[in-house]
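Right, one structure below, let's go through it.
Chain letters run A, B, ... following the sequence lines, proteins first and then strands; every chain starts at 1. Predicted model, so just to flag it, every value in this text is computed and none were measured. Every heavy atom of this structure was used, including side-chain atoms; hydrogens, water molecules and symmetry mates were not.
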Number of protein chains: 2
Amino acid sequence: MPKQATPLPHTVLGGDTPCCPPLAQQRLPADVATALAPAFKALGDPVRLQLMSMIASAENGEACVCDLTPAFDLSGPTISHHLRTLREAGLVDAERRGTWVYYRARKAVLSQLAALLANTGQSPQ
Amino acid sequence: MPKQATPLPHTVLGGDTPCCPPLAQQRLPADVATALAPAFKALGDPVRLQLMSMIASAENGEACVCDLTPAFDLSGPTISHHLRTLREAGLVDAERRGTWVYYRARKAVLSQLAALLANTGQSPQ
DNA sequence: AGGCTGATTCGAAAAGTGTCAAACTAGACG
DNA sequence: CGTCTAGTTTGACACTTTTCGAATCAGCCT
């Protein structure tokens with residue numbers, strides 16, 4: 001049961017194209033929904049949502065695990081596991097440089113998710 | 001049958017205010033992350049994501065359960081359960097009119113979630 | 001080499017989730 | 001009233017997820 005196999009083949013998310021029309025504009029096909037859901041699922045945990053925010057808002061566009069871990073009341077392995085989840089969801093990239101590992105957000109992916117939820121009608125109520 | 005027990009007190013999501021600066025702009029506080037995560041979590045299932053899309057893109061802004069259920073290869077109770085999850089996440093509202101129950105999207109909430117993920121930098125890569 | 005520190009992987013326990021069938025509730029209608 | 005249809009709730013089961021400690025891997029440094 002290899003944890004491999006990116007659930008987000010770049011044929012759906014991560015490219016330069018908008019990936020798909022907004023949720024509210026037309027019905028999302030089943031296969032697209034299946035491809036997109038893991039990204040939302042990854043954001044659906046408070047710890048991972050914070051991690052995502054810390055990474056996306058980091059100084060040089062990247063955050064060191066050594067800075068992320070102590071920000072939570074959780075063990076190293078647990079943080080590492082959450083980071084892996086974000087990675088496998090295609091939301092972040094990891095790079096090792098010497099002793100430390102740095103994570104950076106895949107901003108294009110986040111933008112596409114945003115676009116999916118937007119245009120939902122900004123009329124009041 | 002009140003749609004109570006909202007884990008998203010309107011102090012965070014659902015109001016007219018943007019709820020919070022974009023994820024990538026500044027670090028999301030723990031309590032805000034805890035309040036927002038359930039909404040993403042609800043969207044993190046392929047069936048619920050499709051339901052959300054069907055509801056948000058429906059003709060008159062609302063969708064009848066009687067139209068949603070047969071669109072899936074799942075039992076009525078299962079669809080009902082997913083709809084409840086969306087409801088409790090604050091993403092949809094339900095209204096019974098006679099025999100049928102209609103769901104409609106809380107567009108303001110979707111917009112806020114979109115705003116949270118947006119402004120993440122539209123520069124390529 | 002050997003040891004130190006940062007990070008991931010492994011294995012396991014507790015809690016949570018998705019699904020169904022069966023039982024139930026809400027209206028409509030004869 | 002009795003019964004039919006639409007939806008929800010309940011109870012159960014398999015599966016997944018969150019979390020940890022222990023073990024491991026990857027680079028430094030002396």
| task | Count the heavy atoms belonging to other residues, nucleotides or ligands that lie under 6.0 Å from CD of A:Glu95, then report whether that count exceeds 12. | result | yes
Are the side chains of [Y] and [X] in contact, using a 4.5 Å heavy-atom criterion?
X	Y	answer
B:Glu62	B:Ile55	no
B:Leu36	B:Leu28	yes
A:Leu113	A:Leu117	no
A:Trp100	A:Val65	no
B:Val109	B:Val92	no

Rounded to whole Å, please give me the gap between [atom1] in [X] and [atom2] in [N].
X	N	atom1	atom2	answer
A:Leu74	D:dG21	CG	P	11 Å
B:Asp45	D:dC15	CG	C1'	14 Å
B:His81	D:dT8	NE2	P	12 Å
A:Lys41	D:dT18	NZ	P	8 Å
A:Leu86	D:dT17	CG	C1'	14 Å

| More 5' along DNA chain D: A:Ser75 or B:Gly76, using each one's nearest nucleotide? | B:Gly76
| query | salt bridge (Lys or Arg N to Asp or Glu O under 4.0 Å) with B:Asp93: which of B:Arg106, B:Arg104, B:Arg87? | reply | B:Arg106
Would you tabulate the nitrogen or oxygen pairs shorter than 3.5 Å linking the protein to nucleotides 22-30 of chain D?
none

| Reckon B:Tyr103 touches a base, only the sugar-phosphate, or nothing at all at heavy-atom distances under 4.0 Å? | sugar-phosphate
| field | Terminal contacting nucleotides, 5' and 3', DNA chain C versus chain B (heavy atom, 4.0 Å) | value | C:dT17 to C:dA28
| note | Of A:Leu51, A:Asp45, A:Leu49, the one forming a side-chain contact (heavy atoms from CB on, under 4.5 Å) with A:Leu86 is A:Leu51
| field | Contact nearer the 5' end of DNA chain C, comparing A:Ile79 with B:Thr85 | value | A:Ile79
| task | Kindly work out whether a path of hydrophobic side-chain contacts (I/L/V/M/F/W/Y, heavy atoms less than 4.5 Å apart) joins A:Phe72 to A:Tyr102. | result | no
| task | Indicate whether OP1 or OP2 belonging to D:dG7 is found under 4.0 Å from a side-chain N or O atom of B:Arg84. | result | no
| remark: Checking D:dT8, D:dT9, D:dC20 against the side chain of B:Val101 (C-beta onward), the nearest is D:dT8
